[in-house]
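Working notes, beginning with the structure itself.
What you are looking at is a predicted structure, and each value in this text was computed from that prediction instead of being measured. Positions are given from 1, in the same order as the sequence printed here. In each ligand, atom 1 is the first atom listed, and ligand 1 is the first ligand listed.
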Amino acid sequence: MLDYHLHLWPHGQRDTAPTVEELAAYCERAEAAGVREIALTEHLFRFVQADRLLRGFWDDEPDPSLRASMAHYWDDHARADLDAYVSCVLAAKDAGLPVVLGLEVDYYRGRMDDVAALLAGYPFDVLLGSVHWLGAWRFDDIGDPVSMAQWSARDVDAAWGEYAAAIGELAGSGTCDVLAHPDLVKAAGHRARAPEECWARLVEAALSSGMAAELSSAGWRKPAAEQYPAAGLLERLVAAGVPLTTASDAHGLPDVADRSAELHRLLDGLEVRTLRAFRARRAVDVPVDAPVARP
Ligand SMILES: [Zn+2]
Ligand SMILES: [Zn+2]
């Protein structure tokens, strides 16, 4: 098993400099849960380098309350130094910890070439591609009343359609390696009447881009109350031959490798025997249960 989606800081917490000891504790907790390799995948938007590149991406959002909410959220997050983060993860690798260097990258319409150019300057092993917002609407931010009120104001089916379109565009940009939490649009508990239409577009996005898809336990900690992706989407991804990673999306030590045994059972049920790991953004398929060879 892998835990290929890990953060250092909870949302809303002021960022402290990461340490190798902190990563060693993540590895220890992962190992105890049968997870052999972890990827640190902090959000790109937590770093001042992203602030310089992407600040104001929300300016064309027509709803002033969503614009203001995103500006506030951004200011609250874009504070850490990407170079210090990368150095720390590389030091952990050098110390022999089973860690790879990753990042969780949002979809910024029309700006992905700039994002790719920034990231090309760093030795990433794996880049997760995520859609957490449509325009400036953070549809999964269940702690934000402004964002959650939108679910009553909008058509749920249309939101799912917009989400699938954004995932398609993100995949088409070729910027990232793994579709993180593929059906995140359900996070707040709102489900399309016919999710199969959205699922088909998500499978197509993975197939046409060659991206892997993430099997994540994080949905169990949200109103969605199930893993990402839903069983029906997971079956379709596996049937289509899309490779998988496994992940907790922990934002701190307690959730590292969360419910890895449940994820393992889902893989067993679909007879999935390999997972996709990454080295320097190249795919390496590894047996679900075997240790991952170190470079
Ligand atoms: Zn995410
Ligand atoms: Zn995440």
Looking at Asp177 and Arg281, is there a salt bridge between them, counting it only when a charged N and a carboxylate O are closer than 4.0 Å? yes
Nearest to the Zn ion (ligand 2), which N, O or S atom of His5 do we find? NE2
Indicate yes or no: does Asp81 engage Arg46 in a salt bridge with an N to O separation below 4.0 Å. no
Heteroatom N/O/S of His251 within less than 2.8 Å of the Zn ion (ligand 2): no
By atom name, which N, O or S atom belonging to His7 lies closest to the Zn ion (ligand 2)? NE2
Under 3.5 Å side-chain donor-acceptor pair for Glu169 and Tyr107: yes
The Zn ion (ligand 1) as vertex, arms to NE2 of His181 and NE2 of His132: angle to 10°? 100°
Of all N/O/S atoms in Glu104, which lies nearest to the Zn ion (ligand 2)? OE1
Answer yes or no on whether Arg138 is positioned over the face of Tyr73, meaning its NZ or CZ is under 6.0 Å from the six-membered ring centre and within 45° of the axis. yes
Distance-only polar pair, side chains of Asp255 and His251, donor-acceptor under 3.5 Å: no
Is any side-chain N of the basic residue among Arg279 and Glu37 closer than 4.0 Å to the acidic one's carboxylate O? yes
Heteroatom test (N, O or S) for His43 near the Zn ion (ligand 1), limit 2.8 Å: no
If I consider every N, O or S atom in Asp249, which one ends up closest to the Zn ion (ligand 2)? I only need its name. OD1
